[in-house]
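Here is how names work: the chains are called A, B, and so on, in the same order as the sequence lines, proteins then strands, and each is numbered from 1. In this text the structure is predicted, and so the values were computed from the model without any measurement.
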Amino acid sequence: MGENKYELSQRAYIKIVLHALKHQYSAVNGVLIGKVSGAGSGNEDGNSKLEILDAVPLFHEQLGLLPMLELALTQVDEYLAGDKEGLVIAGYYHANERVDDYELSPLARKIGDHIARFCPQAGVLLLDNRLLGSIGKGASKKPVVQLYTKDAVRGWRVSGDILLKEPAANSILTDYISEKREQQVVDFDDHLQDISKDWLNPDLFN
Amino acid sequence: MVGVGDQVELDRLEKQLDAGRKDDIVKYIDLVRKLKVRRSEKVAVHGLALLNNPSSASKLGDEVWNVYEQVAIAAMDTNNLEAAKECIGALMRKFPDSNRVGRLEGMWMEANGYWQQAEKVYATLLEATPADPFLLKRKVAMAKAQGNYSGAVDSLNKYLETFMADHDAWRELAELYTSLLMYKQAAFCYEELILGQPTNALYHLGYAELLYTMGGLENLRAAKKYYAATIELSGGRNIRALYGVVLSGTAISQLLKQTRSRNEEESMEIVTLASSVLKREYKSKAPRKLPLLSPLLEKAVSAS
C-alpha cells in the first residue's frame with residue numbers, strides 16, 4: 001500500500017496565499033479543486049495522485065458557521081458538475097488568524113471533515129503564517145502551506161511536503177504581492193455582500 | 001458597522017490618497033477614527049508623513065495629539081514599532097501622567113510580545129482606575145493574542161458583568177465561543193444583543209446562522225424565523241438572509257419528511273418568496289451565477 005501523492009498548481013497556490021494576505025487580520029478559508037488519478041483512485045488505499053488545480057476562496061468572517069459553508073459547497077459543486085473538465089472538490093485550505101498559530105484547529109478539522117465527504121482523498125492545506133512574511137524577500141521555492149491528510153483512525157495529520165507543480169510559483173507570488181494584487185481577490189463572503197462579485201476570480205491572473 | 005454614505009466617502013478619500021493626492025489626509029484620518037474602521041496601513045503611512053511635516057502638523061492645533069494616538073496604534077498594527085514608539089514618546093512628553101498614554105505603552109509592550117511587561121503596565125494603571133473598560137479589554141486582547149481563547153472568554157465574561165451594554169464586547173464573545181465550537185454560548189450572546197437592540201438586522205442574522213449551525217428541528221425553525229426577521233429589518237435585500245430562509249426551510253421540510261410527521265406542517269410561503277427575490281437579484285446582477293442556484297431553489301420548491 002502506497003502513499004497518495006499530492007500536487008499543488010500555481011493557480012491554486014497563488015489564490016490561497018493572496019486570499020490570506022488580503023485579510024491579514026482574520027482567518028480565511030476556501031475549497032480546493034482538482035482531480036484524482038492513478039491506481040485505486042476510487043478509494044483511500046494509496047497510490048492515487050491528487051492534483052490540486054484551483055481554489056475557491058470562501059470566507060474571511062465567521063468561519064465557524066454552517067449555512068453559508070453548505071451554500072458555497074453546493075454552488076461550487078454545481079459549477080464543477082457543469083464545467084465538463086471533470087474537476088471535483090478535492091480539499092480545503094485554512095489560514096489561522098494569528099501569525100504564530102500553526103495548529104490545525106478543531107474548527108478547521110471539522111470543516112475539513114465536511115469537505116472530505118466530497119472526496120475521500122481530500123487534502124487540507126494549512127497556511128504557515130510564519131513563512132508569509134518572507135515570501136517577498138527570499139528566493140525560497142518552498143510552498144508556505146502544510147499538507148494534512150486524513151487517517152481513518154487518527155484524523156487529520158501532517159503529511160509530507162506537498163509538491164509545487166510549477167517551481168517558480170513563489171517568485172510569481174512575489175511579483176503579485178509587490179503590485180498588491182491580493183486586493184483583487186474575491187471570496188464567497190464578498191459575493192454575499194455584493195453578488196456582482198465573482199468568486200471564480202476569472203480576471204485575477206490577467 | 002459603517003453606513004453606506006460613510007463607506008462611499010471613505011472609499012473616495014482612499015482612492016485620492018492612493019492616487020497621490022495629499023490634500024485630504026486629515027479628513028481621511030478623522031473619518032477612519034470616527035468610524036472606528038481598521039485602515040492601519042494607510043493611516044500609518046500617511047499619518048506619519050503628516051506628523052513629520054512641521055507645517056501640516058502645526059495646522060492640526062490640539063487635534064495633533066489625537067492623531068499621534070491614532071497613528072501610534074496604526075503603526076503598531078503594521079509592525080512599525082519604531083514609529084509607534086516615537087509617537088508615544090511625543091504623547092508622553094505632553095501628557096506625562098496620563099492613563100490614556102499609559103495604555104499606549106502597554107499596547108506597545110503587547111506589540112513586541114512582552115506580555116508580562118504589558119500586564120505590569122496595565123496592573124499599575126488599573127490601580128488608579130480599576131473600572132477602566134479599555135484596560136479590561138486589553139486583558140481580553142492579550143489572552144486572545146497568545147492563543148488563550150478560554151482565558152479570553154473568562155476575562156470577557158467578567159468584563160460584561162460590569163459593562164453589559166457593550167455590544168461590541170458581546171459580539172466579540174460570540175466570535176470567541178464560535179471559534180471554540182461552543183455554539184449554544186455564542187447564541188446566548190446574540191440573544192443579549194437582540195434584547196439590547198431589537199431592530200438591528202445583523203444581530204438577527206448572526207443568531208439565525210448560529211441556530212442553523214446547531215441544527216435540529218427546533219433550532220432550524222427558529223433560524224428560519226430570525227432569517228425572516230433579518231429580511232424584514234433590512235429592507236428585503238440581504239442576500240445571506242434570503243439564502244438562509246431557503247436553506248432552513250428546505251432543511252425543515254426534509255426533516256419532517258424523514259420523521260414522517262404528518263401533523264407538523266411548515267409554511268413554505270416565505271421560502272418561495274425568498275427564492276423569487278434571489279432569482280430576480282441574480283438575473284439582474286450576476287446572471288452567469290443564476291444556473292448555480294437552480295438545484296437549491298428547486299429542492300426548496302419540491303420540499304413544500
Side-chain angles (χ1 to χ4, degrees), chain A residues 21-27 29 56 59 61-83 94 96-103 105-111 114 129 133 180 182-183 186 188-200 202, chain B residues 18 38 40-41 77-79 113 144-147 149 171 174-183 186 205-206 208-215 220 223 227 237-248 250-251 278 281-296 299:
Chain A
L21 288 174
K22 184 177 181 188
H23 302 285
Q24 292 187 26
Y25 300 130
S26 52
N29 66 3
V56 174
F59 306 113
E61 281 172 353
Q62 313 279 40
L63 270 66
L65 300 174
L66 188 58
M68 296 303 128
L69 174 66
E70 281 185 0
L71 179 69
L73 292 174
T74 310
Q75 294 199 1
V76 173
D77 201 33
E78 188 63 25
Y79 168 75
L80 293 173
D83 191 46
H94 189 102
N96 286 326
E97 186 178 358
R98 291 178 299 113
V99 72
D100 53 4
D101 182 4
Y102 37 96
E103 298 278 321
S105 63
L107 175 62
R109 286 170 198 269
K110 198 160 186 240
I111 303 178
H114 196 96
N129 292 336
K180 296 212 188 295
E182 67 272 9
Q183 294 308 317
V186 171
F188 208 77
D189 265 334
D190 297 326
H191 174 78
L192 290 170
Q193 196 69 13
D194 172 359
I195 58 174
S196 67
K197 293 195 173 150
D198 192 347
W199 41 263
L200 284 167
Chain B
D18 287 341
R38 202 170 181 174
S40 301
E41 213 186 297
D77 211 13
T78 50
N79 208 26
K144 194 177 171 189
Q146 295 174 75
Y149 285 96
R171 268 171 52 209
E175 221 181 280
L176 284 168
Y177 276 133
T178 306
S179 57
L180 290 167
L181 306 184
M182 295 165 74
Y183 299 116
L205 180 63
E209 307 252 89
L210 278 163
L211 288 165
Y212 186 100
T213 306
M214 292 192 285
L220 285 169
Y227 276 126
R237 291 246 192 84
N238 186 305
I239 300 286
R240 278 177 214 261
L242 290 165
Y243 271 127
V245 159
V246 174
L247 287 168
S248 45
T250 313
L278 280 168
E281 290 287 307
Y282 271 80
K283 229 182 192 165
S284 108
K285 295 178 192 150
R288 283 178 313 174
K289 290 275 182 294
L290 186 54
L292 303 183
L293 269 67
S294 306
L296 172 70
K299 212 167 156 197

A/Glu103 portion near chain B, given a 4.5 angstrom heavy-atom threshold: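 For A/Glu103, no heavy atom lies under 4.5 Å from chain B.
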Contact part of A/Gln24 toward chain B, heavy-atom cut-off under 4.5 Å: side chain, backbone, both or neither?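 It is neither, since no heavy atom gets under 4.5 Å.
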Flag the one option from B/Leu181, B/Leu296, B/Thr178 with the top tally of heavy-atom pairs under 4.5 Å to chain A.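 Most heavy-atom pairs under 4.5 Å with chain A: B/Leu181.
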Would you say B/Thr213's side chain and A/Leu65's backbone share a donor-acceptor pair under 3.5 angstrom?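 A pair under 3.5 Å: no.
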Examine distances only and state if a side-chain atom of B/Tyr282 and a backbone atom of A/Ile195 form a donor-acceptor pair shorter than 3.5 Å.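 No, because the side chain of B/Tyr282 does not come within donor-acceptor range (under 3.5 Å) of the backbone of A/Ile195.
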Sub-4.5 Å side-chain heavy-atom contact between B/Ile239 and A/Met68: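 SC-SC contact between B/Ile239 and A/Met68 ruled out.
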Do B/Arg288 and A/Leu200 come within less than 4.5 Å of each other through their side chains, counting heavy atoms only?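 The answer is no, as the side chains (C-beta and beyond) never meet within the 4.5 Å cut-off.
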If you count heavy-atom pairs under 4.5 Å between each of [options] and chain B, which one has the most?
{"options": "A/Pro67, A/Ser196, A/Ala27", "answer": "A/Pro67"}
{"options": "A/Gln193, A/Lys197, A/Arg98, A/Glu70", "answer": "A/Arg98"}
{"options": "A/Glu61, A/His191, A/Glu78", "answer": "A/Glu78"}

Of B/Val246, B/Leu247, B/Leu293, which meets side chain to side chain contact (heavy atoms under 4.5 Å, CB included) against A/Leu71?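 With A/Leu71 as partner, B/Val246, B/Leu247, B/Leu293 yield a single side chain to side chain contact (heavy atoms under 4.5 Å, CB included), made by B/Leu247.
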With a 4.5 angstrom heavy-atom cut-off, is it the side chain or the backbone of [X] that approaches chain A, or both, or neither?
{"X": "B/Ala174", "answer": "neither"}
{"X": "B/Glu175", "answer": "side chain"}
{"X": "B/Asn238", "answer": "neither"}
{"X": "B/Tyr177", "answer": "neither"}

Heavy-atom closest pair, residues B/Ser40 and A/Tyr25: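 Smallest heavy-atom distance, with atoms named: CB-OH, 3.5 Å.
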Identify the heavy atoms of B/Tyr183 and A/Gly64 that sit nearest to each other, and give their distance.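 In this case the closest contact between B/Tyr183 and A/Gly64 is OH-O, 3.3 Å.
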Can you tell whether the side chains of B/Lys285 and A/Asp194 come within less than 4.0 Å, N to carboxylate O?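 The answer is no: the pair does not qualify as a salt bridge.
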In chain order, what residues pass the side-chain hydrogen bond (donor to acceptor under 3.5 Å, both in side chains) check against A/Lys110, with sequence neighbours excluded?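 Applying side-chain hydrogen bond (donor to acceptor under 3.5 Å, both in side chains) to A/Lys110 gives none.
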Return the set of residues passing side-chain hydrogen bond (donor to acceptor under 3.5 Å, both in side chains) with A/Thr74 (not counting sequence neighbours), or none when no residue passes.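 Checked A/Thr74 against side-chain hydrogen bond (donor to acceptor under 3.5 Å, both in side chains); zero matches.
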I need the A/Asp189 CG to B/Arg240 CZ distance, nearest 0.5 Å.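 Interatomic distance, A/Asp189 CG to B/Arg240 CZ, rounded to 0.5 Å: 4.5 Å.
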For atom OH of B/Tyr149, is the number of surrounding heavy atoms from other residues, nucleotides or ligands below 6.0 Å larger than 12?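 Yes, enclosed.
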